[in-house]
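Shown next, in structure tokens, is the structure this report addresses.
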Amino acid sequence: MNSEQANTVSNSNLDNALTVAKFGGTSVADYDAMLRCASIIKNDTSNRLVVVSASAGVTNYLVRLGQKDVPATEQAEIIENIRAIQVNITQHLSSTVEAELNQEIDSLLTELSGYAEAQATEHTTKTADAILAFGEQFSSRIFAQVLQSVGVEGEYFNVQQIMKTNSLFGKAVVELIELDRLCGQVLAPKLVNKVIVTQGFIGQDANGNTTTLGRGGSDYSAALLAEALKATNLAIWTDVVGIFTTDPRITDQARAIKEISFGEAAEMATFGAKILHPATLIPAMRCNIPVFVGSSKEPEKGGTQIKKKVDSNPTYRSIALRREQTLVTVKSPAMLHASGFLAKVFSILAKHELSVDLITTSEISVALTFDNPVGSTQSIITNTVVAELEQLCEVTVEHGLSLVAVIGNGLNRAHGVGQKVFDTLEGINVRLICHGASANNLCFLVDEADANPTVEKLHRSLFA
Ligand code: ASP
Ligand code: MG
């Protein structure tokens with residue numbers, strides 16, 4: 001190949017590179033944060049689709065606004081607070097752009113007040129979703145202008161044109177075939193000479209109602225868009241410099257991981273600190289798109305690459321911790337040599353849309369763990385569920401437990417893993433152990449009070 005040919009090849013490679021960049025709430029929290037994101041986009045021209053979350057704090061306000069019986073004075077206060085967050089950003093833009101954006105923000109806020117008022121009288125999950133979706137609508141409009149202010153051709157795009165979902169408000173399911181088709185038809189042509197800025201988290205059902213994909217869903221939106229566009233990379237920009245060997249708030253020994261396989265990262269996303277929305281890796285794995293996780297505050301520090309094949313496959317990669325787990329033990333002599341008992345238990349759980357994380361069984365009892373959404377005041381296992389299970393068997397429910405997951409490679413085959421892990425934990429009461437189902441994961445439950453010391457001790461022993 002002569003040098004001219006080589007040039008053509010590398011240029012066409014460059015032309016084909018397409019990164020979907022997702023910025024989380026803290027990355028678009030204020031003007032300075034947005035400006036840092038804008039330079040990330042400017043510095044790498046493969047960044048052609050930007051997916052944003054709502055500015056930090058806004059979705060939480062909207063959650064409150066979408067609840068029942070919010071007094072009118074509180075509604076007004078919340079709307080004022082949201083306005084303050086957004087206009088604090090727009091004031092840094094040129095006065096014409098500021099005026100234009102503020103006008104759009106105010107007309108959206110008027111619409112929002114209407115929904116809030118309606119919601120206070122007659123609460124529906126449909127209106128709750130309409131309310132929740134405003135945060136991303138503000139941040140995407142503003143960020144497109146911030147891009148323009150640094151000389152990047154940024155353009156706002158309403159993702160609802162292509163992110164079609166069913167009508168399961170609050171956790172809508174995306175119509176993947178439609179997304180694929182509409183991405184090709186509507187979105188891809190726009191990426192040729194513009195950087196498109198769109199919303200994570202939100203969609204639209206067949207009746208034109210706004211839907212949302214669940215809290216933290218922007219990562220997942222970005223991954224779905226990357227898949228539909230056949231992007232070469234997905235970059236998740238957040239406020240941590242990648243995925244760590246464990247939560248750095250627990251031990252200062254924690255360090256950032258350079259690269260990690262899809263399999264390991266999927267276990268971490270499910271069992272670990274909630275850096276990525278757990279569903280994010282599904283589309284990326286389906287079409288083998290490498291995922292980068294880094295901090296928009298310190299992009300120069302690099303981050304973590306998540307991909308199919310990594311150079312090293314250590315036995316121990318990280319330790320994840322998830323608090324507020326509920327352990328349900330169901331016990332029945334009827335289980336002895338009988339069939340169909342578990343099927344009945346699971347059909348009750350399925351009816352209540354409860355997702356089981358860990359399971360262990362003995363001859364006459366089964367222990368199951370459930371994750372309680374962060375910040376929720378009510379246990380995911382309601383009295384109704386317990387009553388229905390009690391029709392079948394004896395039921396014990398325990399709270400205040402933490403799930404510790406040791407993530408790595410070949411954990412189900414490597415010699416001495418169990419010994420190494422549990423020898424370290426002498427003196428700590430381990431409630432339940434799951435080992436063997438996955439090569440990438442060994443996990444167990446401990447009391448909430450033992451969670452931090454457990455992680456600290458294990459980290460010292462496995463990563464010293
Ligand atoms: N803004 C939404 C939330 O706070 C979605 C996201 O940030 O991923 O849950
Ligand atoms: Mg997030």
Side-chain angles (χ1 to χ4, degrees), residues 20-30 33-34 37 49-67 78-79 81-83 85-86 89 105 108-109 112 115 125 127-143 156-160 163 165 168-174 197-204 210-227 234-240 243 269-270 272-284 291-297 371-376:
V20 173
K22 182 260 170 179
F23 294 107
T26 50
S27 297
V28 293
D30 53 36
M34 281 203 183
C37 299
L49 178 66
V50 176
V51 177
V52 290
S53 288
S55 301
V58 172
T59 308
N60 288 346
Y61 279 130
L62 294 170
V63 168
R64 175 65 187 138
L65 211 51
Q67 284 167 351
I78 292 174
I79 288 180
N81 291 342
I82 294 174
R83 185 174 194 278
I85 294 176
Q86 309 301 350
I89 307 178
I105 291 168
L108 285 168
L109 286 172
L112 176 61
Y115 282 121
T125 53
T127 307
D129 265 9
I131 291 175
L132 278 178
F134 277 85
E136 275 71 9
Q137 289 292 0
F138 296 125
S139 59
S140 55
R141 282 177 168 80
I142 299 173
F143 188 66
Y156 162 89
F157 176 78
N158 189 351
V159 85
Q160 293 181 301
M163 197 64 80
T165 71
L168 202 58
F169 298 106
K171 46 178 168 183
V173 179
V174 176
V197 182
T198 198
Q199 308 81 36
F201 182 52
I202 71 179
Q204 186 181 61
T210 293
T211 54
T212 65
L213 312 186
R215 288 306 304 268
S218 292
D219 295 339
Y220 183 50
S221 302
L224 288 176
L225 289 164
E227 176 180 45
L234 169 63
I236 306 280
W237 292 100
T238 169
D239 52 4
V240 287
I243 297 175
T270 313
K274 297 178 174 166
I275 298 179
L276 286 181
H277 184 280
T280 312
L281 294 173
I282 299 169
V291 180
F292 167 85
V293 180
S295 165
S296 65
K297 257 195 187 133
D371 184 34
N372 288 294
V374 175
S376 75

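When a ligand or atom number is given, it counts from 1 through the structure's own listing order.
- Heavy-atom proximity to E136, at under 4.0 Å, picks out these atoms of ligand 1: 1 (N), 2 (C), 5 (C).
- Applying the side chain to side chain contact (heavy atoms under 4.5 Å, CB included) test to T198 and every residue at least two apart in sequence or in another chain returns L49, V51, F157, V159, L225.
- Considering backbone and side-chain atoms alike, G216 places an N or O below 3.5 Å from some N or O of ligand 1.
- Set against the non-hydrogen atoms of S53, the atoms of ligand 1 under 4.0 Å away are 6 (C), 7 (O), 8 (O).
- Near R215, meaning under 4.0 Å from one of its heavy atoms, ligand 1 places the atoms 3 (C), 4 (O), 9 (O).
- Not counting sequence neighbours, the partners of A128 by the side chain to side chain contact (heavy atoms under 4.5 Å, CB included) test are Q119.
- At least one heavy atom of G217 lies less than 4.0 angstrom from ligand 1.
- The distance criterion of under 3.5 Å between nitrogen or oxygen atoms is not met by D219 with respect to ligand 1.
- Residue-ligand proximity, S218 to ligand 1, at heavy-atom distances under 4.0 Å covers atoms 5 (C), 6 (C), 7 (O), 8 (O).
- The pair K297-D239 does not count as a salt bridge, with every side-chain nitrogen at least 4.0 angstrom from each carboxylate oxygen.
- Rounding to the nearest 0.5 Å gives a distance of 11.0 Å between CG of D30 and CD of Q86.
- An N or O contact shorter than 3.5 Å is missing between K22 and ligand 1 by distance.
- No hydrogens or angles considered: nothing links the side chains of Q199 and S221 as a donor-acceptor pair under 3.5 Å.
- No hydrogens or angles considered: nothing links the side chains of T211 and D129 as a donor-acceptor pair under 3.5 Å.
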